[in-house]
Chemist: 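Pasting in a structure now, in structure tokens, and then I'll have a few things to ask.
Values reported hereafter were calculated over all heavy atoms of this structure, with side chains retained and with hydrogens, waters and symmetry mates removed. Keep in mind the model is a prediction, meaning the values are calculated, not measured.
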Amino acid sequence: MKTIALCCALWLATPLAWGQATAINQPPSWAKNVVWYQIMVERFNNGDKGNDQTADDISIPAIGQSPPAGWSVTTWTKDWFAQEAWASKAGLPFDQTLLHRRYGGDLKGVIEKLDYLKDLGITALFLNPINHAPSLHKYDASSYHHVDANFGPDAKGDRKMMAAENPEDPTTWKWTAADKQFLKLIQEAHKRNMKV
């Protein structure tokens with residue numbers, strides 16, 4: 001019982017218990033004065049049509065998830081509620097084809113829109129996950145140390161490079177074109193006094 005009482009007394013004496021600021025529970029000072037803009041890269045802007053996803057890029061064989069026959073990237077101006085030709089031919093309900101829908105957004109597309117975002121008064125970008133993954137949302141990363149290959153300028157080359165790496169051995173890791181494109185995005189954002 002004395003141990004419990006001592007632990008409680010020590011906890012109550014700590015700055016965190018009383019809500020006092022410490023270095024670990026406070027945001028950086030710059031974060032207090034920024035205007036955030038959240039970006040889901042795949043859905044933001046297709047700056048490079050040469051790196052658009054293929055049916056193989058979005059297939060997840062382990063769970064039997066593959067896009068319907070004839071699948072293709074959706075055009076940016078298409079009516080959201082209208083099914084694509086490939087979706088209609090599959091005969092699936094609208095909600096069952098949405099997870100296969102891709103628009104081809106990439107990091108070049110984000111870079112192209114930085115001046116527009118700056119003009120809006122945006123001073124910080126919050127990116128949804130950008131790790132290499134088959135999904136549109138990228139929360140199911142297949143690589144936690146690489147940017148998604150389709151977000152960079154050389155998707156095929158990046159996949160080949162990643163396949164030659166050993167994920168458990170950092171000495172085999174190399175910078176992919178998509179990784180370098182992300183570094184370029186950071187540089188371009190910083191030139192505009194924007195945080196990423």
Side-chain angles (χ1 to χ4, degrees), residues 23-24 26-58 67 71-82 84 98-162 165 170 173-196:
I24 62 168
Q26 293 299 304
S29 59
W30 61 261
K32 296 175 184 176
N33 300 308
V34 296
V35 178
W36 291 98
Y37 192 92
Q38 184 172 358
I39 296 176
M40 178 183 267
V41 174
E42 201 285 317
R43 299 289 169 101
F44 184 68
N45 182 36
N46 190 347
D48 180 0
K49 294 189 186 315
N51 65 5
D52 287 355
Q53 297 90 341
T54 66
D56 288 340
D57 296 336
I58 68 170
W71 178 90
S72 63
V73 170
T74 301
T75 57
W76 284 89
T77 55
K78 180 156 185 54
D79 177 359
W80 175 261
F81 296 103
E84 298 83 350
L98 286 179
L99 288 177
H100 297 299
R101 190 178 276 181
R102 299 292 187 280
Y103 289 87
D106 48 46
L107 293 172
K108 182 179 180 189
V110 176
I111 293 168
E112 288 176 352
K113 296 293 184 181
L114 287 176
D115 289 330
Y116 164 75
L117 294 170
K118 183 74 175 169
D119 289 344
L120 289 178
I122 304 306
T123 55
L125 303 178
F126 175 88
L127 302 180
N128 276 44
I130 60 171
N131 299 95
H132 188 69
S135 68
L136 63 101
H137 52 69
K138 307 302 176 195
Y139 282 100
D140 58 340
S142 57
S143 173
Y144 287 101
H145 62 274
H146 284 299
V147 170
D148 192 87
N150 292 105
F151 289 169
D154 184 15
K156 288 180 183 175
D158 286 357
R159 279 193 184 78
K160 185 176 178 182
M161 187 182 297
M162 286 187 277
E165 295 176 343
W173 302 352
K174 295 182 174 41
W175 288 91
T176 65
D179 298 335
K180 292 174 185 175
Q181 187 84 346
F182 179 61
L183 295 176
K184 181 179 179 184
L185 167 62
I186 293 171
Q187 289 174 335
E188 291 298 321
H190 288 178
K191 283 180 189 176
R192 294 162 176 82
N193 295 318
M194 299 169 82
K195 300 282 189 182
V196 179

Chemist: Return the CD1 to NZ distance between Ile122 and Lys195, rounded to the nearest 0.5 Å.
Modeler: 16.0 Å

Chemist: Any chance you could measure Thr123, atom OG1, to Leu117, atom CG, to the nearest 0.5 Å?
Modeler: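 If we round to the nearest 0.5 Å, Thr123:OG1 and Leu117:CG are 11.0 Å apart.
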
Chemist: Supply the atom-to-atom distance Tyr37 OH to Lys118 NZ, rounded to the nearest 0.5 angstrom.
Modeler: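 Result: 15.5 Å between the selected atoms.
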
Chemist: Are any side-chain N or O atoms of Lys138 and backbone N or O atoms of Ala133, one a donor and one an acceptor, separated by less than 3.5 Å?
Modeler: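 Here the side-chain-to-backbone pair exists.
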
Chemist: Report the C-alpha distance between Val147 and Asn131 in whole Å, list the side-chain angles of each, state the deciding distance to 0.1 Å, and finish with yes or no for side-chain contact (heavy atoms from CB on, under 4.5 Å).
Modeler: CA-CA 4 Å; Val147 170; Asn131 299 95; over 6 Å; no

Chemist: Backbone N or O of Lys174 within a donor-acceptor pair of the Glu165 side chain at under 3.5 Å?
Modeler: yes

Chemist: Is it the case that the side chains of Arg159 and Asn150 hold a donor-acceptor pair, with the cut-off being a distance below 3.5 Å and no angle test?
Modeler: yes

Chemist: For Asn51 and Pro153, work out which heavy atoms get closest and say how close.
Modeler: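 Taking every non-hydrogen atom into account, ND2-N, 4.5 Å.
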
Chemist: Considering all heavy atoms of both residues, which atom of Lys108 and which atom of Gly47 are nearest to each other, and what is their separation?
Modeler: CD-O, 3.5 Å

Chemist: Could you grab the distance from atom CG of Leu98 to atom CZ of Phe81, nearest 0.5 Å is fine?
Modeler: 9.0 Å

Chemist: Which atom pair, heavy atoms only, marks the closest approach of Ala178 to Asp158?
Modeler: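 Between these two residues, the closest heavy atoms are N-OD2, 2.9 Å.
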
Chemist: Check whether any side-chain heavy atom of Tyr139 lies under 4.5 Å from a side-chain heavy atom of Asn128, and answer yes or no.
Modeler: yes

Chemist: Of the non-hydrogen atoms in Thr75 and Tyr103, which two are nearest, and what is the gap between them?
Modeler: O-CE2, 3.5 Å

Chemist: Roughly how far apart are Phe182 CZ and Ile130 CD1, rounded to 0.5 Å?
Modeler: 4.0 Å

Chemist: Taking the side chain as every heavy atom from C-beta outward, state whether Leu185 and Leu114 have any pair of such atoms under 4.5 Å apart.
Modeler: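 A side-chain contact exists here, since the closest heavy-atom pair is under 4.5 Å.
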
Chemist: Is the CH2 atom of Trp36 crowded by more than 12 outside heavy atoms at less than 6.0 Å?
Modeler: yes

Chemist: Within the structure provided, determine whether Met40 and Leu136 are in side-chain contact (heavy-atom separation under 4.5 Å).
Modeler: yes

Chemist: Can you list the steps and then say if Tyr116 with Asp119 is a side-chain contact (heavy atoms from CB on, under 4.5 Å)?
Modeler: CA-CA 5 Å; Tyr116 164 75; Asp119 289 344; 5.7 Å; no

Chemist: If you apply the rule side-chain contact (heavy atoms from CB on, under 4.5 Å), what do you find for Asp148 with Val41, and how did you get there?
Modeler: CA-CA 10 Å; Asp148 192 87; Val41 174; over 6 Å; no

Chemist: Okay, side chain of Gln38, backbone of Leu125: is any donor-acceptor separation there less than 3.5 Å?
Modeler: no

Chemist: Is Arg101 close to Trp80 at the side-chain level, that is, under 4.5 Å between some pair of heavy atoms?
Modeler: yes

Chemist: Without swapping roles, check the side chain of His132 against the backbone of Ala149 for a donor-acceptor pair under 3.5 Å.
Modeler: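 Side chain of His132 to backbone of Ala149: a pair is present.
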
Chemist: Under 3.5 Å, is there a donor-acceptor pair between the side chain of Asp106 and the main chain of Asp48?
Modeler: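 Yes, because the side chain of Asp106 sits within donor-acceptor range (under 3.5 Å) of the backbone of Asp48.
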
Chemist: Could you tell me whether the side chains of His146 and Asp179 share a donor-acceptor contact shorter than 3.5 Å?
Modeler: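 A pair is found: one side chain offers a donor N or O, the other an acceptor, under 3.5 Å apart.
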
Chemist: Kindly compute the distance separating CD1 (Ile186) from CG (Leu127), expressed to the nearest 0.5 Å.
Modeler: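 Between Ile186 CD1 and Leu127 CG, I get 8.5 Å after rounding to 0.5 Å.
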
Chemist: I want to check something: taking the side chain as every heavy atom from C-beta on, are Ile111 and Gln181 in contact at a cut-off of under 4.5 Å?
Modeler: yes

Chemist: In terms of ring plane angle, is the pair His145 and Trp173 parallel, tilted or perpendicular, where the classes change at 30° and 60°?
Modeler: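 The rings of His145 and Trp173 lie parallel, inter-plane angle below 30°.
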
Chemist: Applying side-chain contact (heavy atoms from CB on, under 4.5 Å) to Arg102 and Trp71, what does each step give before you reach the verdict?
Modeler: CA-CA 10 Å; Arg102 299 292 187 280; Trp71 178 90; 3.7 Å; yes

